[in-house]
Amino acid sequence: KNQVEQSPQSLIILEGKNCTLQCNYTVSPFSNLRWYKQDTGRGPVSLTIMTFSENTKSNGRYTATLDADTKQSSLHITASQLSDSASYICVVSSNNAGNMLTFGGGTRLMVKP
Amino acid sequence: DAGVIQSPRHEVTEMGQEVTLRCKPISGHNSLFWYRQTMMRGLELLIYFNNNVPIDDSGMPEDRFSAKMPNASFSTLKIQPSEPRDSAVYFCASSLGWNTEAFFGQGTRLTVV
């Protein structure tokens, strides 16, 4: 069964600190992995999309890594800001029709001043 | 472009009533997705259209749910009859292709009482 597990479920950090969110998956066949940021009351916004051959991808202070061998991904946030407070959702895409997208449960991040 | 536009933003209805949610995708995008998000189940893909044709509706919970895309600029998600357990936030998203970056609307918060 395709699954995406994210950890931690929630995280509180101080402004200016770094943090790393984890995503482990068992989706097969793998097509790509996406990280989304969702602010409270708003729709998810794409941060990165990574294919099988990509190990690292950055978007400003966000850096995603992918290890396709161990089926793990991480999202690293550098020098956190209050506006980083949100839920971060990992989504893994498969080319298998009928089972295309598997969503993680998300990590709720709170950045405190 | 104004992005993906959903209406209404909020809907409160009585159990048994018909509910219609509307979505206008980003112009030029040929893939459209309907999602449902709840605290218990997170984000779930309900149905996906490509070039106005439903490709995968395996996520539609039951026959009370139906979705249409009569043209490239409009889609509806209908629930008839609605039940309290349908209460959730429903998101519409569009993308250039089914496996590329998806842009989400602001969502419709549905409450069935």
Side-chain angles (χ1 to χ4, degrees), chain A residues 1-10 21 23 25 27-54 57-60 62 64 86-108, chain B residues 1-10 21-26 29 31-50 53-60 77 88-111:
Chain A
K1 180 184 176 183
N2 287 344
Q3 283 188 314
V4 175
E5 300 288 340
Q6 290 187 243
S7 62
Q9 280 191 321
S10 61
L21 314 181
C23 174
Y25 63 93
V27 175
S28 180
F30 175 87
S31 178
N32 62 53
L33 184 145
R34 317 168 187 197
W35 282 96
Y36 286 92
K37 177 187 178 189
Q38 185 176 21
D39 293 315
T40 301
R42 304 182 73 86
V45 174
S46 178
L47 294 176
T48 65
I49 297 180
M50 301 180 73
T51 59
F52 185 88
S53 59
E54 296 175 297
K57 204 162 196 177
S58 291
N59 179 358
Y62 301 101
S87 288
Y88 293 83
I89 303 170
C90 175
V91 185
V92 181
S93 167
S94 170
N95 287 322
N96 191 0
N99 201 11
M100 296 189 314
L101 295 174
T102 307
F103 294 83
T107 293
R108 181 169 290 278
Chain B
D1 199 312
V4 176
I5 299 173
Q6 291 186 245
S7 64
R9 288 294 310 276
H10 303 273
L21 311 181
R22 297 172 175 80
C23 174
K24 181 181 187 305
I26 292 174
H29 284 186
S31 295
L32 183 140
F33 308 80
W34 282 100
Y35 293 88
R36 178 172 67 178
Q37 188 175 38
T38 62
M39 287 292 290
M40 291 294 294
R41 300 173 68 90
L43 204 59
E44 302 171 281
L45 176 64
L46 299 177
I47 187 169
Y48 145 62
F49 291 87
N50 190 52
V53 176
I55 303 299
D56 182 3
D57 64 354
S58 57
M60 296 285 263
L77 177 68
V89 180
Y90 290 81
F91 287 103
C92 175
S94 71
S95 63
L96 285 172
W98 80 267
N99 212 10
T100 59
E101 180 182 6
F103 295 82
F104 284 75
Q106 297 279 50
T108 295
R109 180 174 293 278
L110 173 65
T111 303

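Bear in mind that the values here come from a model prediction, so they are computed numbers and not experimental data.
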Mind checking whether Ser46(A) and Phe104(B) have side chains closer than 4.5 Å, heavy atoms only? no
Nearest 0.5 Å, please: how far is [atom2] in [Y] from [atom1] in [X]?
X: Leu101(A); Y: Phe33(B); atom1: CG; atom2: CZ; result: 6.5 Å
X: Thr102(A); Y: Leu43(B); atom1: OG1; atom2: CG; result: 12.0 Å
X: Thr48(A); Y: Glu101(B); atom1: OG1; atom2: CD; result: 9.5 Å

So which of Gly105(A), Pro44(A), Gly106(A), Gly104(A) has the biggest tally of heavy-atom pairs under 4.5 Å with chain B?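 Most heavy-atom pairs under 4.5 Å with chain B: Pro44(A).
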Chain B contact via Arg42(A) - which portion, at a heavy-atom distance below 4.5 Å: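 Both parts, backbone and side chain.
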Which atoms of [X] come close to chain A, meaning under 4.5 Å heavy atom to heavy atom: side chain ones, backbone ones, both, or neither?
X: Gln6(B); answer: neither
X: Phe103(B); answer: neither
X: Ala102(B); answer: both

Chain A: which of Arg41(B), Gln37(B), Glu44(B) shares the most heavy-atom pairs with it under 4.5 Å?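 Top option by heavy-atom pairs under 4.5 Å: Gln37(B).
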Provide the closest heavy-atom pair for Leu45(B) versus Phe103(A) in the form atom of the first, atom of the second, distance.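 Distance-wise, the nearest heavy atoms are N-CE1, 4.0 Å.
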